[in-house]
Peer 1: 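Dumping the structure here so I can ask a few things about it.
Residue numbering restarts at 1 for every chain, and letters A, B, ... go by the order of the sequence lines. What you see is a predicted model; the values in this text were computed from it and never measured.
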There are 2 protein chains.
Amino acid sequence: MGLTKTENFTKEQNELASLAKALGHPARIAIIQQLLRVNSCICGDLVDEIPLAQATISRHLKELKAVGIIQGTIQGTSVCYCIDPLKWKEVQTKFNGLFDALVSDQDCAC
Amino acid sequence: MGLTKTENFTKEQNELASLAKALGHPARIAIIQQLLRVNSCICGDLVDEIPLAQATISRHLKELKAVGIIQGTIQGTSVCYCIDPLKWKEVQTKFNGLFDALVSDQDCAC
DNA sequence: TCCATTTATCGCAATATTACGATTAATAAG
DNA sequence: CTTATTAATCGTAATATTGCGATAAATGGA
């Protein structure tokens with residue numbers, strides 16, 4: 001079916017999964033890494049850096065924008081992309097909430 | 001094409017993306033949350049808790065096992081699943097490496 | 001105005017993912 | 001040995017994702 005049954009899960013579970021899914025492609029990781037390094041970036045620079053077609057980069061940017069991790073500002077004919085720092089901290093907090101649920105390094109009870 | 005061009009990216013980028021992808025489904029988040037809560041879990045208990053067919057749960061378990069986040073131990077006719085605590089810490093470290101690359105809450109340079 | 005630049009979107013093709021019923025394999029119980 | 005239980009796998013169908021060429025839309029400059 002290819003269709004995730006989101007209605008079976010909590011809002012928290014769906015949000016965390018959406019964020020993880022957005023990070024679940026190496027091109028999107030590469031985009032985020034460069035935006036973090038440079039603090040802002042013209043779309044064309046990303047196209048130069050990442051060996052994928054312009055249309056493909058644009059699609060990945062759209063997905064990152066859809067979950068709110070990045071935002072784009074129009075500057076003439078270009079678009080300048082940035083990480084949204086507040087959202088980024090929120091993402092970190094949500095993931096660490098899951099990570100920290102590991103009580104300790106206790107062994108498996110099996 | 002549906003085929004990710006992994007060869008264009010670094011090992012680090014591909015690994016992080018693989019882990020994120022594994023977390024990118026609410027059923028897999030739900031499985032992880034329960035394993036973290038209970039410390040160990042028979043497969044059948046997961047099937048009872050999560051409203052998806054047994055075959056579907058089994059597929060999700062297989063994906064989590066493929067990236068090393070969980071491990072299964074055969075116990076008679078059952079299989080007991082656990083989070084791998086070392087791997088889990090490693091996942092946390094890798095994600096936080098990305099999260100912490102945000103220099104500060106400086107504004108976008110656009 | 002006309003043309004160049006830049007980025008988003010469209011349309012298509014190929015592959016991946018999700019889901020489930022049915023079946024299989026393995027062990028336990030009687 | 002036969003039967004029940006449990007979980008993995010197979011087969012299938014539907015939808016999603018990835019990638020790219022082509023095109024469109026918007027702006028800036030000559």
Side-chain angles (χ1 to χ4, degrees), chain A residues 1-9 13-14 17-31 34-35 40-67 70-82 110, chain B residues 1-9 13-14 17-31 34-35 40-67 70-82 110:
Chain A
M1 298 167 173
L3 173 59
T4 296
K5 292 194 160 182
T6 55
E7 70 275 13
N8 286 340
F9 303 99
Q13 288 165 341
N14 282 309
S18 289
L19 290 169
K21 199 172 180 181
L23 299 179
H25 192 288
R28 295 194 289 269
I29 295 287
I31 288 170
Q34 191 171 357
L35 292 184
S40 81
C41 201
I42 299 298
C43 174
D45 296 340
L46 291 166
V47 174
D48 293 340
E49 281 286 324
I50 298 169
L52 289 173
Q54 180 265 324
T56 307
I57 304 280
S58 190
R59 256 179 188 280
H60 285 304
L61 288 169
K62 191 178 179 182
E63 281 186 65
L64 289 172
K65 212 161 41 174
V67 296
I70 68 172
Q71 50 196 170
T73 309
I74 298 173
Q75 280 185 344
T77 53
S78 305
V79 176
C80 178
Y81 281 99
C82 274
C110 297
Chain B
M1 299 170 173
L3 175 58
T4 296
K5 291 193 159 182
T6 55
E7 70 277 12
N8 287 338
F9 303 99
Q13 287 165 342
N14 282 310
S18 289
L19 291 169
K21 199 172 177 181
L23 299 179
H25 192 288
R28 295 194 289 270
I29 295 287
I31 288 170
Q34 190 171 358
L35 292 184
S40 81
C41 201
I42 299 298
C43 175
D45 296 340
L46 292 166
V47 174
D48 292 339
E49 280 286 324
I50 298 170
L52 289 173
Q54 180 265 325
T56 307
I57 303 279
S58 190
R59 259 183 185 278
H60 285 304
L61 287 168
K62 191 178 180 182
E63 281 185 65
L64 289 172
K65 210 160 43 174
V67 296
I70 67 172
Q71 49 197 167
T73 310
I74 298 174
Q75 280 186 342
T77 53
S78 307
V79 177
C80 178
Y81 282 99
C82 274
C110 297

Peer 1: Using whole Å, what does the distance between atom P of nucleotide D:dC20 and atom CD1 of A:Ile50 come to?
Peer 2: 12 Å
Peer 1: To the nearest 0.5 Å, what is the distance between SG (B:Cys80) and CD (B:Gln71)?
Peer 2: 9.5 Å
Peer 1: May I have the distance from B:Lys5 (atom NZ) to C:dA16 (atom C1'), rounded to whole angstrom?
Peer 2: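 About 17 Å, once rounded to whole Å.
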Peer 1: Need one value for A:Thr4: base, sugar-phosphate or nothing, where a base atom within 4.0 Å counts as base even if backbone is also close, heavy atoms only.
Peer 2: sugar-phosphate
Peer 1: In terms of the angle between their ring planes, are A:Phe9 and B:His25 parallel, tilted or perpendicular, with boundaries placed at 30° and 60°?
Peer 2: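 Correct class here is perpendicular.
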Peer 1: Hey, does A:Leu46 have a side-chain heavy atom less than 4.5 Å from the side chain of A:Leu61?
Peer 2: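 In short, these two side chains touch, coming nearer than 4.5 Å.
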Peer 1: Specify the residue among A:Thr56 and B:Val47 whose closest nucleotide of DNA chain D lies further upstream toward the 5′ end.
Peer 2: B:Val47
Peer 1: Want to settle it: does A:Cys80 or A:Leu3 sit nearer the 5' end of DNA chain C, counting the closest nucleotide to each?
Peer 2: A:Cys80
Peer 1: I'd like to compare against my own output: the B/S/- annotation of nucleotides 23-30 of chain C with a strict under-4.0 Å heavy-atom distance to protein.
Peer 2: ----BS--
Peer 1: Below the 4.0 Å mark, does C:dA16 have OP1 or OP2 next to a side-chain nitrogen or oxygen of B:Lys21?
Peer 2: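 So the side chain of B:Lys21 is outside the cut-off, no N or O lying under 4.0 Å from OP1 or OP2 of C:dA16.
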Peer 1: Determine the contact category for A:Ala53: base if any of its heavy atoms lies under 4.0 Å from a base atom, sugar-phosphate if only primed atoms, P, OP1 or OP2 are that close, otherwise nothing.
Peer 2: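 It contacts sugar-phosphate atoms only.
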Peer 1: Could you go through the side chain to side chain contact (heavy atoms under 4.5 Å, CB included) check for B:His60 and B:Leu52 one step at a time?
Peer 2: CA-CA 10 Å; B:His60 285 304; B:Leu52 289 173; 4.3 Å; yes
Peer 1: Quick one: B:Ile57 CD1 to D:dT6 C1', roughly how many Å, whole number?
Peer 2: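 In whole Å, D:dT6 C1' lies 14 Å from B:Ile57 CD1.
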Peer 1: Assess the residue pair B:Cys82 and B:Cys41 against the criterion (disulfide bond (SG atoms under 2.5 Å apart)); give the C-alpha distance rounded to whole Å, side-chain angles, the decisive distance to 0.1 Å, and a yes or no.
Peer 2: CA-CA 7 Å; B:Cys82 274; B:Cys41 201; over 6 Å; no
Peer 1: Can you measure B:Phe9 atom CZ to D:dT18 atom C1' for me and round it to whole angstrom units?
Peer 2: 11 Å
Peer 1: Please list, in numerical order, the residues of residues 58-65 of chain A that have a heavy atom closer than 4.0 Å to any atom of DNA chain D.
Peer 2: A:Arg59, A:His60, A:Glu63
Peer 1: Are A:Lys21 and A:Val67 close enough that some pair of their side-chain heavy atoms sits under 4.5 Å apart?
Peer 2: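 No, their side chains stay 4.5 Å or more apart.
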Peer 1: Determine the minimum heavy-atom distance between A:Ile42 and A:Ser78, stating which atoms define it.
Peer 2: CG2-CB, 3.9 Å
Peer 1: Please report, rounded to the nearest Å, how far the P atom of C:dA19 is from the CG atom of A:Asn8.
Peer 2: 8 Å
Peer 1: D:dG28 P sits how many Å from A:Ile42 CD1, rounded?
Peer 2: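 Nearest whole value for this atom pair: 13 Å.
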Peer 1: OP1, OP2 of C:dT6 versus side-chain N and O of A:Tyr81: anything below 4.0 Å?
Peer 2: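 Answer is no, no contact under 4.0 Å.
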Peer 1: Measure CG/A:Leu52 against P/C:dT7 and give the value in whole Å, please.
Peer 2: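 So the two atoms are 16 Å apart, to the nearest Å.
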Peer 1: Let me know the distance between CE of B:Met1 and P of D:dT18, rounded to the nearest Å.
Peer 2: 14 Å
Peer 1: Please enumerate all residues that pass side chain to side chain contact (heavy atoms under 4.5 Å, CB included) together with B:Thr6, with sequence neighbours excluded.
Peer 2: B:Thr4, B:Asn14
Peer 1: Check every atom of D:dC20, D:dA8, C:dA8 against the side chain of B:Cys43 and return the nucleotide holding the closest atom.
Peer 2: D:dA8
Peer 1: What's the closest nucleotide to the B:Ser78 side chain, out of C:dT7, C:dC10, D:dT6?
Peer 2: D:dT6
Peer 1: Decide yes or no on side chain to side chain contact (heavy atoms under 4.5 Å, CB included) for B:Leu64 and B:Leu35, but give the supporting numbers first.
Peer 2: CA-CA 12 Å; B:Leu64 289 172; B:Leu35 292 184; over 6 Å; no
Peer 1: Determine the minimum heavy-atom distance between A:Asn8 and B:Pro51, stating which atoms define it.
Peer 2: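 That would be ND2-O, 3.1 Å.
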